[in-house]
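Per chain, numbering begins at 1; letters A, B, ... match sequence-line order. Predicted model, so just to flag it, every value in this text is computed and none were measured.
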Number of protein chains: 2
Amino acid sequence: MSLKHAILGFLSVRPLSGYDLKRAFDHSVQHFWPADQSQIYRSLRQIHEAGFVEQEVIPRDGKLDVKIYHLTEAGQSELIDWLRTPLDPQDNREPFLIQLFFSGLLRQDELLALLKHQRSQIDDLLQLYRGVYNASTREVDDADFQRRVTMSLLTLEYGVRLNHAYRGWLDEVIQRIEQGDWSPPTWQNMLGQGDADQGESNDR
Amino acid sequence: MSLKHAILGFLSVRPLSGYDLKRAFDHSVQHFWPADQSQIYRSLRQIHEAGFVEQEVIPRDGKLDVKIYHLTEAGQSELIDWLRTPLDPQDNREPFLIQLFFSGLLRQDELLALLKHQRSQIDDLLQLYRGVYNASTREVDDADFQRRVTMSLLTLEYGVRLNHAYRGWLDEVIQRIEQGDWSPPTWQNMLGQGDADQGESNDR
DNA sequence: CTATTTTATAGGACGCGTCCTATATGTTAT
DNA sequence: ATAACATATAGGACGCGTCCTATAAAATAG
């Protein structure tokens with residue numbers, strides 16, 4: 001259900017067409033929420049039917065009309081309601097884990113090739129993130145815009161942190177398998193290398 | 001496409017019914033690949049039509065037949081082929097990031113409440129994982145079984161590592177927002193607190 | 001000058017996943 | 001004794017997402 005709300009989020013800044021929205025997605029949240037063009041238009045239609053946006057139709061001779069979507073009050077409050085709603089965390093299906101889980105059917109060198117390929121993929125992603133970071137830290141204007149840039153960087157940081165952790169895990173798995181170490185990891189091992197923090201300070 | 005291959009994976013160990021498969025999923029890979037009962041049966045039908053499994057039909061008076069699925073040679077090689085195929089990493093859509101991204105419409109205390117709720121959810125998950133870990137380290141029999149337990153623990157370790165990183169990131173975001181610090185994080189910040197490793201050793 | 005890209009919207013087909021419901025019997029809880 | 005759960009399979013409806021295709025004109029690249 002997040003795509004519709006992300007659209008409302010963008011429209012809360014200023015009115016946009018479906019095409020504008022596609023670009024907005026591609027330029028800001030694409031890293032953690034890629035949006036399909038078709039899906040945007042379909043969602044827009046549903047959002048419109050629900051009364052969360054109004055269409056400003058701009059005719060173009062011969063071609064299909066351009067439709068600029070304006071957030072209504074109902075849309076604004078729907079968005080804010082959703083923003084306030086705690087979501088339960090997603091189960092992040094990672095197909096690679098299925099491969100690893102059933103990799104008993106592979107030879108050790110095949111498994112290692114798979115793991116190393118995965119690691120290089122993560123490295124590529126991490127480098128891509130770094131590029132995004134470098135690009136985004138160049139222009140900072142007013143305070144409101146600054147806040148938005150920071151938000152953007154926080155979500156980017158999420159991506160970097162998680163992929164960095166992924167990379168670290170892959171490294172250790174590769175090391176263990178290369179050394180033929182099939183002993184089960186300890187819980188301390190699981191939390192990360194030198195980390196002695198037990199995380200027993202749940203303040204809630 | 002991973003569900004079908006996961007099913008083939010389970011069937012490569014021993015023939016199972018749809019019902020058995022559902023239990024197998026729930027007891028071993030549920031943490032990173034929850035499987036819907038209906039979806040399992042549907043996939044089983046498709047896998048059967050593709051010739052990757054054979055049905056052993058066991059009639060039950062009045063009730064629907066029990067069908068035990070046996071992996072065929074075609075199925076075995078399909079599985080091994082897939083296991084050898086490098087997959088590109090998934091984009092892990094995390095709805096919470098959308099909320100954070102558009103949280104400019106919330107008051108600071110509302111944002112903090114959201115963040116802390118998320119953190120407690122992660123803590124719950126982490127504790128659940130710890131329970132799974134404790135349960136799985138109790139029984140270790142033969143060497144082949146040991147290998148499977150270790151595989152299981154490696155995937156669990158993946159979950160622990162990533163959620164641990166998630167938690168750490170949340171903690172820092174909470175801290176920054178509580179201190180009203182809206183300055184953009186540095187790249188060093190992004191890679192994790194005291195971590196000076198630049199990860200420039202891409203051997204591929 | 002031609003080919004591609006950009007601007008702009010939208011439908012079709014299909015895959016995967018979730019939730020709900022139906023059917024039917026035996027076995028445990030309360 | 002009755003309610004709930006386990007065993008076992010399967011269809012319907014629906015949502016979200018992806019990929020492909022159509023249409024059409026202007027702008028830009030080679």
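Considering only residues two or more places apart in sequence or on other chains, A/Asp88 meets the salt bridge (charged side-chain N to carboxylate O under 4.0 Å, His left out) condition with none of them. With sequence neighbours excluded, no residue satisfies salt bridge (charged side-chain N to carboxylate O under 4.0 Å, His left out) with A/Asp65.
Counting heavy atoms of neighbouring residues, nucleotides and ligands inside a 6.0 Å radius, atom CZ of A/Arg60 exceeds 12 of them.
Counting only residues at least two apart or on different chains, the ring-ring contact (aromatic ring centres under 6.0 Å, His included) pairs with a member in residues 75-127 of chain B are A/Phe10-B/Phe102, B/His5-B/Trp82. Judged as a side chain to side chain donor-acceptor pair (under 3.5 Å), the pairs with a partner in residues 93-114 of chain A (not counting sequence neighbours) are, in order, A/Arg107-A/Asp109, A/Glu110-B/Arg84.
Rounded to whole Å, the distance from CG on A/Asp26 to P on C/dT6 is 12 Å. Between the CG atom of A/Leu16 and the C1' atom of C/dA8 there is a distance of 14 Å, rounded to whole Å. At whole-Å resolution of the value, NZ in B/Lys22 and C1' in D/dC5 are 16 Å apart. One atom, CD1 of A/Ile40, and another, C1' of D/dC19, lie 15 Å apart when rounded to the nearest Å.
Taking the screw axis at each terminus of the helix from C/dC1-D/dG30 to C/dT30-D/dA1 from five consecutive base pairs, the angle between the two is 40° to within rounding of 10 degrees.
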- request: Sugar-phosphate means primed atoms, P, OP1 and OP2; the rest is base. With that split, encode nucleotides 8-17 of chain D 5' to 3' as B, S or - using protein heavy atoms under 4.0 Å.
  value: BBBBBB--SB
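Looking at A/Tyr133 and B/Thr186, their side chains come closer than 4.5 Å, going by heavy atoms from C-beta outward.
Nearest heavy-atom pair across A/Leu154 and B/Trp169 is O-NE1, 3.1 Å.
Evaluated for a side chain to side chain contact (heavy atoms under 4.5 Å, CB included) with B/Ile47, the options B/Leu3, B/Leu8, B/Leu71 yield exactly one hit, B/Leu8.
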